[in-house]
There are 2 protein chains.
Amino acid sequence: MHKVYVTMKMRRRQGNPFNFNDYPDTSMDTPLSPNMEDYMENISMLLKEHDVVRVKDIAKKLNIRMPSVTAALQKLKEKGLVDYEKYGHVQLTTKGKEVADSIYEKHSFLTEFFKEILSMNTQEAEEQACKLEHHLSSNASNRMQRFVEFYKQEQLDGQQWINRLDSVLEEKRLSELKEGQKAEIIRILGSGPLKKRLLEMGFRKGEIIHVLKYAPLKDPIEISIKDFLLSIRVEEAHSIIVKPLGSHD
Amino acid sequence: MHKVYVTMKMRRRQGNPFNFNDYPDTSMDTPLSPNMEDYMENISMLLKEHDVVRVKDIAKKLNIRMPSVTAALQKLKEKGLVDYEKYGHVQLTTKGKEVADSIYEKHSFLTEFFKEILSMNTQEAEEQACKLEHHLSSNASNRMQRFVEFYKQEQLDGQQWINRLDSVLEEKRLSELKEGQKAEIIRILGSGPLKKRLLEMGFRKGEIIHVLKYAPLKDPIEISIKDFLLSIRVEEAHSIIVKPLGSHD
DNA sequence: TAATAAAATTAGTCAAGTCTAATTTATTTC
DNA sequence: GAAATAAATTAGACTTGACTAATTTTATTA
């Protein structure tokens, strides 16, 4: 009866049910849940910093309470991934290290992907990597990793497309700018009367604009172009693509 | 008491707790769980195919049982995302459509990313998109989308790096080839005696090899290079990077 | 070393999401 | 239109992974 129930659950979602990963070699037994993967990864990280890891440390790192950690450790111990005795310190088994490394590898290149390629700031890049790392199949993982390696080589080779990409990623809508920001106009979206009107107002490719006053949700936005003062509605500002000068995130 | 508990849960994982997303505009109320997002997306997809969607259809699509669907629909109804009466048909509300579209958009460019850029086959690309779409922040989402657009434009422009990337992605280790496959040797990893030995055996960049016999996990691999028959150990084959001729996945 | 403080565990609860079995409502079919 | 079939719902159970409160063990300190 019990066994049957488990079998039913395994049916969920075709292909790789749950959000579990298929590890390269490791583990013929049930795959780790994203959650347990997270424990493994973080224990591994803590072990790199301090040589003694306690329940409290894990709880703090994961921002959860100690009893949750205890429960998790007991499960991970059963799976043979951690060395751990009641009230004792936590270590990873050989198998556990493999698992943790495999996850950490994903984490690393995902972080690089978001940070280096998509120009996101470190913190956000890390956060995204943490979320996605548990959901990448080994094939996708592999390809992603190759892609990141490829990108880095292209960067070393000084390939021009890298710069083109950076430019594209820096672009924003005028309506996304904050008060005080300066930006260069890249292009005006759409066509017809609206575009014409904007062009007539002086919004032309290459011009530098300066956002003087902008209270989000409150029309209009006040800006200056070459010493002219203008105010446009958020809706209009939405179809003006600009590249902020300075700033980063 | 109850409220406090919820507050505690919200503490989990700094930044965006849970694996929930921050939608662009929509929803001041609690964000949807990845699961509920999945329901929304799939209901939306079903509605595009048939104009009447029943509990049974959703259950079938998600590969789960009907009672689970009923429960989910009740929750989604409470959140004002679906129009649904007991024993009746399912429709999305205006708000529901927005949510579904926003998810579907992520799904689309993620699929393109895996399929077009990383050259994965359609099914795997879809699967990965399904898993990741619920975990992308709006910023990452935005950048990813721009990147995919950028790639497509570069492709149209016939930029060379696209070809270089394709080449890199096609590369495999000799040990990953299947029986009968042919491949071109791209490079030999490592250095020292092993590499020297392999070069002496005839493994040189540009040569075409043909895998004659390979029972995974069973050494050795039998291959031919220019009518010479050779057999090498899996371990050695591991450090030979090749590009398969023909095939695709 | 006895007393206190800190850390960890157990016990019991909760919520989300799934399931089966039994029941109710709709739809077909003769 | 009544009987049979199909679809949907309710009720109750289970798993995972959190939590609090209470207890136990270990570490620290006077």
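Predicted, not measured: the structure shown is a model, and the values here were computed from it. Below, chains carry the letters A, B, ... as their sequence lines are ordered, and counting in each starts from 1.
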Can you check the [X] [atom1] to [N] [atom2] distance for me, whole Å?
X	N	atom1	atom2	result
A:K56	C:dA6	NZ	C1'	8 Å
B:I64	D:dC14	CD1	C1'	16 Å
A:K79	D:dG17	NZ	C1'	14 Å
B:E37	C:dG17	CD	P	11 Å
B:H134	C:dG17	NE2	C1'	14 Å
A:K60	C:dA7	NZ	P	10 Å
A:K77	C:dA8	NZ	P	16 Å
B:E78	C:dA15	CD	C1'	14 Å

field: NZ or CZ of A:K48 within 45° of A:Y104 ring axis and under 6.0 Å
entry: yes

Thinking salt bridges, do [X] and [Y] make one under a 4.0 Å N-O criterion?
X	Y	answer
A:K115	A:E126	no
B:R146	B:E149	no
B:K75	B:E78	no
B:D57	B:K60	no

- prompt: OP1 or OP2 of C:dT20 sitting under 4.0 Å from any side-chain N/O of B:R65?
  reply: yes

message: Does D:dA18 have OP1 or OP2 under 4.0 Å away from a side-chain N or O of A:N35?
response: yes

query: For DNA chain C, what residues of residues 68-76 of chain A have any heavy atom nearer than 4.0 Å?
result: A:T70, A:Q74

- prompt: Got a sec? Which of residues 80-89 of chain A come in under 4.0 Å of DNA chain C, heavy atoms?
  reply: A:Y84, A:K86, A:Y87

[Y] side chain reached by [X] side chain, heavy atoms, under 4.5 Å:
X	Y	value
A:I162	A:Y151	yes
B:F150	A:L169	no
A:D51	A:L47	no

query: B:M66 or A:P67: which one's nearest nucleotide on DNA chain D is closer to the 5' end?
result: B:M66

- request: Verify the ring-centre separation between B:F114 and A:F147: is it less than 6.0 angstrom?
  value: no

- request: Identify which nucleotide among D:dG17, D:dA8, C:dC19 has an atom closest to any side-chain atom of A:M36, counting heavy atoms from C-beta outward.
  value: D:dG17

